[in-house]
Amino acid sequence: MSEPLFNFDQVEVRFGGLRALRGFSMEVEQGTIHALIGPNGAGKSTAFNCASRFYRPTSGDVKFQGRSLRRVKPAAIAKLGIARTFQNVELFGRMSVLENVLVGMSPRIGGYLPFVPGARRMRIEREARRDAEALLDEFGLTDFRDTAAEELDFGRQKMLDVARALACKPKLLLLDEPAAGLRNREIAALDALLVDLARNRGMTIVLVEHVMQLVMSIADRITVLNFGAKIAEGTADEIKVHPEVIAAYLGTGHA
Amino acid sequence: MNAIDRRWWLGGVGLIVLAAGLYLGAPIYVLYVANLLMTYAVLAIGLDILLGRAGQFAFAHIAFYGIGIYTTALITNNTGLPVFVGIAAGGLLAGLVGVIIAIPATRLRDVYLALSTFAFAEAAQWVFNNWDSVTKGPNGLRISPAKLFGHTITDDRQAFFLVLSITLAVIAATVLMNRSKLGRAMSAIGQSEHVAMASGIGVQRVKVTAFAISAVYAGIAGGMFTLYQSFIHPDSLGFDLIVLILTMVVVGGLGTLPGVILGVLLLGLMPEVLRNLREWQELIYGLILILAILFMPRGIWGLITERRQAWQARRVAARPSPVQDET
């Protein structure tokens, strides 16, 4: 078996007495859509925050392309090729839609100085703007290019969040509840978009999601967390009938 | 050319006409006020970089202004160097001290950052007051007329063009910065540090850079001060000045360059209008600051852009959501 693109290896995260993740392991294959599900407080966001290096695991390791992320700075994660979105949509609200995407492109644009641009910097900036506009076009946001992100409706904000994450051309996309709060129509569009990214463009996607309609239709593989520990892993069909999963979601009385 | 570019062009042409008119026709006192307002503008734009853009509530600004004033004044007093050397030295020294302060200070948040930077400003004022051999302490320091390529700048009219050129250069640099990766990174940090971090922005490094640039601006403003003032006393580098600059930035609109300039003009001209109420001035500024925070947290410019965006939103509201077409 080939080495996974991204994996959690016996990751343990403790906050004081709370064990948010208990020896959690998960392997994500290149080009697949991998869903991470579980009840609230199961440790899904904690897992993402370890991958973003907002947290460092108490023990164990998160690896990307076989490389440990323990000593990687949070700001260097995007440069390695890992991008993410956030639960409840977090954008740079007062910046324009285009600027939000340009911030996502930061890893491509070299250093912060000089801000009085030379010819080379201006070319890079021009290319970045062109690519950003292409991305906006793809996400149906061209008409809102100069609109402040906070002025967008919720569905478009979610789309912009994904566009911002994709702007750095990541190899791995971590989506934290991308479908939450979306209408059915919008979920169907998101479904099509994610499938296209994975099947036609080789993107590897890990998504935390409560909307089972989306998870069951697009996930190649599903990992189920409960109280910080993995209780099941498999395809959608396997997970649907897994007794422990049913118990975790419905309460033990129904198992 | 998009609408934003056109606005800048129109503003620029208007400014040149105004400047030429002032230079040729205005009485010397008006030019003094103009010089003072431009100095405030550079101070306010610098404060806004840190406060309005990067969202860092730091108040060491007046200390850097003082460093700029004393550095430029001492170079002018003791050497025959052209004044630009002194101004550059003041800006650089302020920036250097800014970096040294920023490295620990930017690890603090909110009220702790505000308090520690405020304490630094107080300490700096104490140094200006007590380092007699250099600053002449509480006696104040005479500033010799600035020299530039053999000319000596003796009045506000002669200083006007220099002050104006520096102000315009600062504004141009700010516009370029706001549109660059650095400017976007600063805004991003001001609005969400962790999303900025996940987008690959080195939060700590950008904060220190913002702090340093803000300090350089204040240092340059200090240098500008020496072009038309002949005396500096440490008492004029205190709390009331930071309140004034802060009020200008907040009333005009945090994080917006046109707003900040508007705020400087409005509040800077107020003492000229309310001349008879001089003893009430502090109270009036304080009240304006509180009222602005309560009723227009995004300043006058915020109100203007809200109107504009509401208008734009109505224009595109009729269009269908992009995802509806795909189902």
Side-chain angles (χ1 to χ4, degrees), chain A residues 52-54 73-79 82-86 90-95 99-100 102-117 121 125 128 139-144 146-148 151 153 155-156 159 161 164-165 167-168 182-186 188-190 192, chain B residues 2-4 52-53 169 172-206 208-210 212-213 254-256 298 302 305-306 308-310 312-313 315-317 319-327:
Chain A
S52 302
R53 277 289 291 105
F54 292 167
K73 287 187 179 163
I77 292 288
K79 204 159 199 166
I82 304 176
R84 71 171 289 181
T85 65
F86 290 84
E90 292 196 45
L91 293 165
F92 308 115
R94 292 194 297 281
M95 296 170 82
E99 283 173 322
N100 269 270
L102 284 170
V103 170
M105 283 184 181
S106 296
R108 285 173 51 186
I109 312 185
Y112 295 105
L113 296 169
F115 58 78
V116 179
R121 177 54 77 87
E125 177 80 18
F139 280 79
L141 292 167
T142 302
D143 286 343
F144 303 92
D146 299 317
T147 307
E151 307 280 327
D153 61 59
R156 289 194 176 97
M159 284 299 181
D161 201 8
R164 193 228 2 106
C168 66
L182 292 188
R183 292 168 293 178
N184 283 341
R185 261 200 306 267
E186 294 169 324
L190 182 67
Chain B
N2 63 35
I4 295 163
R53 292 214 158 246
T174 309
V175 171
L176 284 171
M177 185 184 72
N178 290 349
R179 291 180 180 190
S180 74
K181 175 180 175 178
L182 179 65
R184 289 191 298 264
M186 291 191 313
S187 294
I189 285 172
Q191 293 171 56
S192 175
E193 270 189 33
H194 61 283
V195 182
M197 209 181 261
S199 305
I201 289 168
V203 169
Q204 184 65 14
R205 196 193 313 175
V206 172
V208 172
T209 310
I213 290 171
L254 276 167
T256 61
R298 286 159 79 167
T305 37
E306 246 167 57
R308 212 173 45 218
Q309 275 171 356
Q312 276 171 346
R315 241 182 5 163
V316 290
R319 295 186 200 175
S321 170
V323 292
Q324 287 172 4
D325 309 330
E326 298 184 32
T327 47

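Of the two parts of A/Ile109, the backbone and the side chain both hold a non-hydrogen atom closer than 4.5 Å to a non-hydrogen atom of chain B. The contact between A/Ala148 and chain B is made by backbone and side chain atoms together, counting heavy-atom distances below 4.5 Å. For A/Glu125, the part lying under 4.5 angstrom from a heavy atom of chain B is the side chain only. Using a 4.5 Å cut-off between heavy atoms, A/Arg53 makes no contact with chain B at all. Contacts of A/Ser106 with chain B are made by both backbone and side-chain atoms, with heavy-atom separations under 4.5 Å.
Each of B/Ala198, B/Ala196, B/Ala188 has some count of heavy-atom pairs under 4.5 Å with chain A, and the biggest count is that of B/Ala188. For the set A/Ala165, A/Cys168, A/Gly104, A/Pro74, the entry with the most heavy-atom pairs within less than 4.5 Å of chain B is A/Pro74. Counting heavy-atom pairs closer than 4.5 Å to chain B, the top-ranked of the candidates A/Met105, A/Glu99, A/Arg164 is A/Arg164. Residue with the most contacts toward chain A among B/Gly190, B/Gly255, B/Ser187, B/Ala172: B/Ser187 (heavy-atom pairs, distance under 4.5 Å).
Atom CG of A/Leu190 sits about 5.5 Å away from atom CE of A/Met159, to the nearest 0.5 Å.
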>> Set out, in order, the CA-CA distance, both residues' side-chain angles and the distance that settles side-chain contact (heavy atoms from CB on, under 4.5 Å) for B/Thr256 and B/Thr305, then state yes or no.
In response: CA-CA 10 Å; B/Thr256 61; B/Thr305 37; over 6 Å; no

> For A/Leu91 and A/Asp161, what are the C-alpha separation, side-chain angles and deciding distance, and is it a side-chain contact (heavy atoms from CB on, under 4.5 Å)?
Replying inline: CA-CA 7 Å; A/Leu91 293 165; A/Asp161 201 8; 4.2 Å; yes

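Side-chain atoms of B/Asn178 never come within 3.5 Å of backbone atoms of B/Gly183 as a donor-acceptor pair (strictly under, hydrogens ignored). Under a 3.5 Å cut-off, the side chain of B/Arg184 and the backbone N or O of B/Arg179 do form a donor-acceptor pair. In terms of modelled atom types and a separation under 3.5 Å, the side chain of B/Gln191 and the main chain of A/Arg94 share a donor-acceptor contact. In terms of modelled atom types and a separation under 3.5 Å, the side chain of A/Ser52 and the main chain of A/Phe54 share no donor-acceptor contact.
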